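Heads up: the structure comes next, in structure tokens.
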Amino acid sequence: MNGISGLSHAGFAVADLDRTVRFYTEVLGARVEWQTERQIKLYVGDLGLAIPKGEPNPSYDLHFAYRADPDLVDDIIARVESNGVEVDGPHGHGTEPLNVSWFFTDPDGYRLEIEAHYQTIERVIAVLERDSGKQKPQLGLYRGGDALPAIREKLAQRTSA
């Protein structure tokens with residue numbers, strides 16, 4: 001599909017974030033991108049690992065995120081939807097304010113994500129505002145909540161500095 005350039009990240013839940021950080025950094029040489037009390041983002045080479053703290057649940061937490069060109073992501077999502085697939089998104093991320101994601105499942109129920117990395121927070125806000133209301137929490141594919149207020153705050157902090 002035009003506009004998808006590869007795998008962005010995979011995700012899965014773990015019971016102990018600190019143990020997971022130690023394992024991936026010491027054994028695989030991973031780099032910690034960020035960490036909160038509830039989640040970590042690691043990179044093993046170019047592959048991101050989005051790891052929330054929780055009971056491992058492969059039916060929900062295992063997912064594959066595909067990296068998409070932000071200039072082509074609307075066409076990608078339209079193609080997914082034209083095939084009768086329900087899409088939940090866009091969703092912004094407070095910890096990664098330049099990323100926007102759309103979620104859906106494959107025929108076997110695996111959660112898939114299309115992730116676009118935008119160059120500016122202003123563009124992220126424009127996409128999230130334009131497509132406000134397209135989120136489908138009833139699908140149960142995204143638990144992150146509304147990140148738009150946090151993204152707007154990051155923009156305000158940057159412009160006031």
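Counting from 1, the numbers follow the sequence of the chain as shown. What you are looking at is a predicted structure, and each value in this text was computed from that prediction instead of being measured.
Counting heavy atoms from C-beta outward, Ile76 and Trp102 have side chains that stay 4.5 Å or more apart. Taking the side chain as every heavy atom from C-beta outward, Gln35 and Val21 approach each other to under 4.5 Å. Looking only at side-chain heavy atoms (C-beta outward), Arg152 and Leu155 stay at 4.5 Å or farther from each other. Counting heavy atoms from C-beta on, the side chains of Phe103 and Leu139 never come closer than 4.5 Å. Inter-residue side-chain proximity for Asn2 and Asp75 is flagged as unmet; no heavy-atom pair is nearer than 4.5 Å.
One finds a salt bridge joining Glu33 and Arg31 here, because a Lys/Arg side-chain nitrogen approaches an Asp/Glu carboxylate oxygen to under 4.0 Å. Between Glu115 and Arg67 there is no salt bridge, since no side-chain N of the basic residue sits under 4.0 Å from a carboxylate O of the acidic one. Comment: Asp88 does not engage Arg111 in a salt bridge, judged by the lack of any side-chain N to carboxylate O separation of less than 4.0 angstrom.
Heavy-atom neighbours of Gln119 CD from other residues, nucleotides or ligands within 6.0 Å: at or below the threshold of 12. The neighbour count for Lys136 NZ, taken as heavy atoms of other residues, nucleotides or ligands under 6.0 Å away, is above 12.
The backbone N or O of Gly3 lies less than 3.5 Å from no partner atom in the side chain of Asp69, so there is not a single donor-acceptor pair. Thr20 contributes a side-chain N or O that, together with a main-chain N or O of Asp16, makes up a donor-acceptor pair within less than 3.5 Å. Here the side chain of Gln135 pairs a donor or acceptor atom with the backbone of Pro90 at under 3.5 angstrom. Looking at Ser82, its side chain does come within 3.5 Å of a backbone N or O of Arg79 through a donor-acceptor pair.
Taking CG from Leu98 and CD1 from Ile151, the interatomic distance works out to 8.5 Å, rounded to the nearest 0.5 Å. Between atom CD1 of residue Ile121 and atom CD of residue Gln157 there is a gap of 9.0 Å, rounded to the nearest 0.5 Å. In this structure, Leu42 CG and Thr25 OG1 are separated by 7.5 Å, a value rounded to the nearest 0.5 Å. Atom CG of Leu17 and atom CZ of Arg38 lie 10.5 Å apart (nearest 0.5 Å). Atom CD1 of Ile51 and atom CD of Gln39 lie 8.5 Å apart (nearest 0.5 Å). In this structure, the separation between OG on Ser8 and CD1 on Ile114 is 10.0 Å, given to the nearest 0.5 Å.
Using modelled atom types and a 3.5 Å distance limit, the side chains of His117 and Glu96 yield no donor-acceptor pair.
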- Take Glu153 and Arg158 through the test salt bridge (charged side-chain N to carboxylate O under 4.0 Å, His left out) and record every step on the way to the result. CA-CA 9 Å; Glu153 177 63 26; Arg158 198 177 76 204; over 6 Å; no
- Item | Steps toward side-chain contact (heavy atoms from CB on, under 4.5 Å) verdict (Glu86, Glu81) | CA-CA 6 Å; Glu86 279 194 274; Glu81 291 174 329; over 6 Å; no
- Should Leu112 and Thr105 be marked as a side-chain contact (heavy atoms from CB on, under 4.5 Å) after you check the CA-CA gap, both sets of side-chain angles, and the distance that decides it? CA-CA 5 Å; Leu112 303 178; Thr105 58; over 6 Å; no
- Task: Quick one: do Leu49 and Val44 satisfy side-chain contact (heavy atoms from CB on, under 4.5 Å)? Show the steps, please.
- Result: CA-CA 8 Å; Leu49 298 175; Val44 178; 4.0 Å; yes
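Below 30°, between 30° and 60°, or above 60°: for His93 and Tyr142 the angle between ring planes is above 60°, a perpendicular geometry.
Heavy atoms only, all atoms of each residue included: Pro70 and Ala116 are closest at CA-CB, 4.0 Å. Here the shortest heavy-atom pairing between Ala13 and Glu55 reads CB-O, 3.8 Å. Leu128 and Gly92 make their closest contact through CD2-N, 3.6 Å (heavy atoms, listed as atom of the first residue, atom of the second, distance). Closest non-hydrogen pair, Gly94 versus Ala147, comes out as N-CB, 3.5 Å.
Here the rule is side-chain contact (heavy atoms from CB on, under 4.5 Å) with Tyr118, and of Ile125, Asp71, Val124 only Val124 fits it.
Residues Tyr66 and Tyr43 do not share a hydrophobic cluster, clusters being chains of Ile/Leu/Val/Met/Phe/Trp/Tyr side chains in contact below 4.5 Å.
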